[in-house]
Amino acid sequence: MTSQLELFDGFILGIETSCDETAAAVIRNGREVMSSVIASQVERHAPFGGVVPEIASRAHLELLQPSVEQAVTDAGLALGDLDAIAVTRGPGLAGALLVGLAGAKGLALALRIPLVGVNHLEGHLFSVLLERPDFTPPAVALIVSGGHTMLVHMADWGEYQVVGTTLDDAAGEAFDKIGRFLGMGFPGGPAIDQASRTGDADAYDLPRPMIDDGYDFSLSGLKTAVVLAVEAEERAGHQIVVDDMAASFQEAVVDVQVRKTLRVVDDLGVGRVLMGGGVAANSRLRDRMRDGCKAAGVECFASSTGLCTDNGAMIAAAGAYRLVVNGPSSLDIGVDPSLKDPFSLVTTGASTGNVAADSRLGS
Ligand code: KG4
Ligand code: ZN
């Protein structure tokens, strides 16, 4: 039996600055999104082919205050109407997290309202509640983002055991590296998703690393296979068809993610799957997971794509839960770039990739 979910009753401002989106949102009673502002920094990082931490911190400094003001105005409120502030305190980039946390503390102090620090990944889980209030644990959650790939046994809200993780790259990281390698710009994930709609997923025969081997993931071998396939074509004087390669790569990633998620579902005898994180916005993953869940007789939950990628509403939603369960955070909490709590983690292994090929992809 799972416990009844109690959420903070009032207006919560959620602030998210863990990576390259400056996001602020206001939600009511833990479930109703009243506004959501996401100031993307993509154009600032794109020339470098990836997120540059120093640029991210400076951009957050510039964008945080206007984003918060916009979120409060869009909600039809004034700052004084807010009842609490939730903010991401980890995991993420230290400098980026610091900007959000410092801003949130200052505002909470000035407005004399509670502050609550939130784990970004718990935010990704709570995003589902904003659109699917019918979701209840127990469930198996697949969290796939730029920084994480995790299979989580979610026994209840707040009870998360990580049963599978990545031995090397996070899913979004691999999408971004392959996108960059194929000359598709940054971020690679949405570009590969788009290109795959016209690409042939059977055009290149790529491996499905560790597909029948436990719950952990590895993407090094797959990335290496893409590099080697492109090099083989180059040597033969041919050019690869980028859309076909994108689709073949995406299909391999999706195959492994769907198969492993359903294996955990089967092994644990759980009737629900939840998907969260930026890569859960991938159209092929969503379709294949829905089909797989249907065939297995389990329910599949995923937020709409705009709530899968980083946003302030999911942080406010997780904050609405944490405020009830843990109470307000102290004003002297710090950021934690590798925050684990409340996830209990399994240990990860070493990289299994081809170092020479990996060096063509960059870090
Ligand atoms: O959750 P998120 O917004 O930020 C982190 O917490 O990391 O995830 C960002 C990641 C990026 O790597 C981006 O390329 C990937 O999510 N992503 C996608 C798609 N949309 C975003 N990957 C594949 N297909 C998509 N449609
Ligand atoms: Zn995220």
Side-chain angles (χ1 to χ4, degrees), residues 142-151 164-184 187-234 240-264 273 275 277-293 295 300 302 308 348-349 351-358 360-362:
L142 175 70
I143 303 180
V144 271
S145 70
H148 293 85
T149 298
M150 300 196 323
L151 272 166
T165 183
T166 178
L167 303 184
D168 36 64
D169 279 21
E173 189 182 356
F175 267 99
D176 293 342
K177 283 180 184 170
I178 293 299
R180 186 170 61 191
F181 177 66
L182 296 177
M184 304 172 79
I192 289 177
D193 190 349
Q194 188 60 37
S196 300
R197 291 167 200 250
T198 47
D200 174 6
D202 295 322
Y204 296 94
D205 187 19
L206 298 175
R208 271 66 178 153
M210 296 175 64
I211 192 160
D212 290 316
D213 183 9
Y215 303 151
D216 283 339
F217 299 83
S218 168
L219 287 167
S220 277
L222 174 59
K223 285 187 311 173
T224 300
V226 172
V227 173
L228 295 180
V230 170
E231 286 178 349
E233 293 286 324
E234 283 169 357
I240 59 146
V241 180
V242 170
D243 291 5
D244 288 353
M245 183 56 87
S248 302
F249 167 76
Q250 176 178 276
E251 200 66 18
V253 174
V254 168
D255 262 351
V256 176
Q257 289 182 349
V258 172
R259 178 91 68 97
K260 290 199 185 240
T261 305
L262 293 175
R263 185 177 314 133
V264 179
V273 165
M275 282 196 290
V279 181
N282 184 271
S283 57
R284 186 69 181 149
L285 176 60
R286 295 166 79 87
D287 287 350
R288 292 276 315 278
M289 192 68 88
R290 282 206 187 98
D291 292 348
C293 284
C300 184
C308 286
T348 58
S351 170
T352 51
N354 172 319
V355 178
D358 275 0
R360 279 200 64 179
L361 297 163

Closest approach of Ser248 to Ala203 (non-hydrogen atoms, all atoms of both residues):
OG-N, 3.7 Å
Using 0.5 Å steps for rounding, measure from the CE atom of Met150 to the CZ atom of Phe217.
11.0 Å
For Gly277 and Ser145 the tightest heavy-atom approach is CA-CB, 4.3 Å
Is any side-chain heavy atom of Asp193 closer than 4.5 Å to a side-chain heavy atom of Phe175?
no
Exam field: side chain Asp168 to backbone Ser220, donor-acceptor pair closer than 3.5 Å:
yes
If you define the side chain from C-beta out and look only at heavy atoms, does anything of Ile240 sit under 4.5 Å from Asp244?
no
Are the side chains of Leu142 and Val273 in touch, meaning some heavy atoms are under 4.5 Å apart?
no
Answer yes or no: is there a donor N or O on one side and an acceptor on the other, between the side chain of Asp169 and the main chain of Leu219, under 3.5 Å?
no
Would the distance check show the side chain of Ser218 and the main-chain N or O of Pro209 forming a donor-acceptor pair, the cut-off being under 3.5 Å?
no
Side chains of Ile178 and Met184, heavy atoms from C-beta outward: is any pair under 4.5 Å?
no
Roughly how far, to the nearest 0.5 Å, is CE of Met245 from CG of Asp200?
11.5 Å
Does the Arg284 side chain pair with the main chain of Glu251, one donor and one acceptor, at a distance under 3.5 Å?
no
Check the pair Tyr204, Phe249 against ring-ring contact (aromatic ring centres under 6.0 Å, His included), reporting the backbone distance first and the verdict last.
CA-CA 8 Å; Tyr204 296 94; Phe249 167 76; over 10 Å; no
I need the Arg208 CZ to Leu222 CG distance, nearest 0.5 Å.
8.0 Å
For Ala171 and Val144, which heavy atoms make the closest approach, and how far apart are they?
CB-CG1, 3.9 Å
Looking at Asp212, I want to see if its CG is surrounded by more than 12 non-hydrogen atoms of other residues, nucleotides or ligands under 6.0 Å.
yes
Counting only N and O atoms by type, is there a donor-acceptor contact under 3.5 Å from the side chain of Asp176 to the main-chain atoms of Gly189?
yes
Might you point out which heavy atoms bring Ala195 and Ala246 nearest each other, and give the distance in Å?
CB-CB, 4.1 Å
How far apart are the closest heavy atoms of Gly214 and Lys260, and which atoms are they?
O-NZ, 3.1 Å
Answer whether the closest heavy-atom distance between the side chains of Met210 and Val256 falls below 4.5 Å.
no
Heavy-atom pair with the smallest gap, counting every atom of Met289 and Thr261
CE-OG1, 3.5 Å
State whether the side chain of Asp216 and the backbone N or O of Thr165 hold a donor-acceptor pair below 3.5 Å, judged by distance alone.
yes
I'd like to check Leu182 versus Val230 (side-chain heavy atoms, cut-off strictly below 4.5 Å). Are they in contact?
yes
State which residues pass salt bridge (charged side-chain N to carboxylate O under 4.0 Å, His left out) with Arg290; sequence neighbours excluded, sorted by chain then number.
none
Spell out, as yes or no, whether a donor-acceptor pair under 3.5 Å connects the side chain of Arg288 to the backbone of Arg286.
no
Leu285/Gln250 under side-chain contact (heavy atoms from CB on, under 4.5 Å): CA gap, chis, key distance, verdict:
CA-CA 9 Å; Leu285 176 60; Gln250 176 178 276; over 6 Å; no
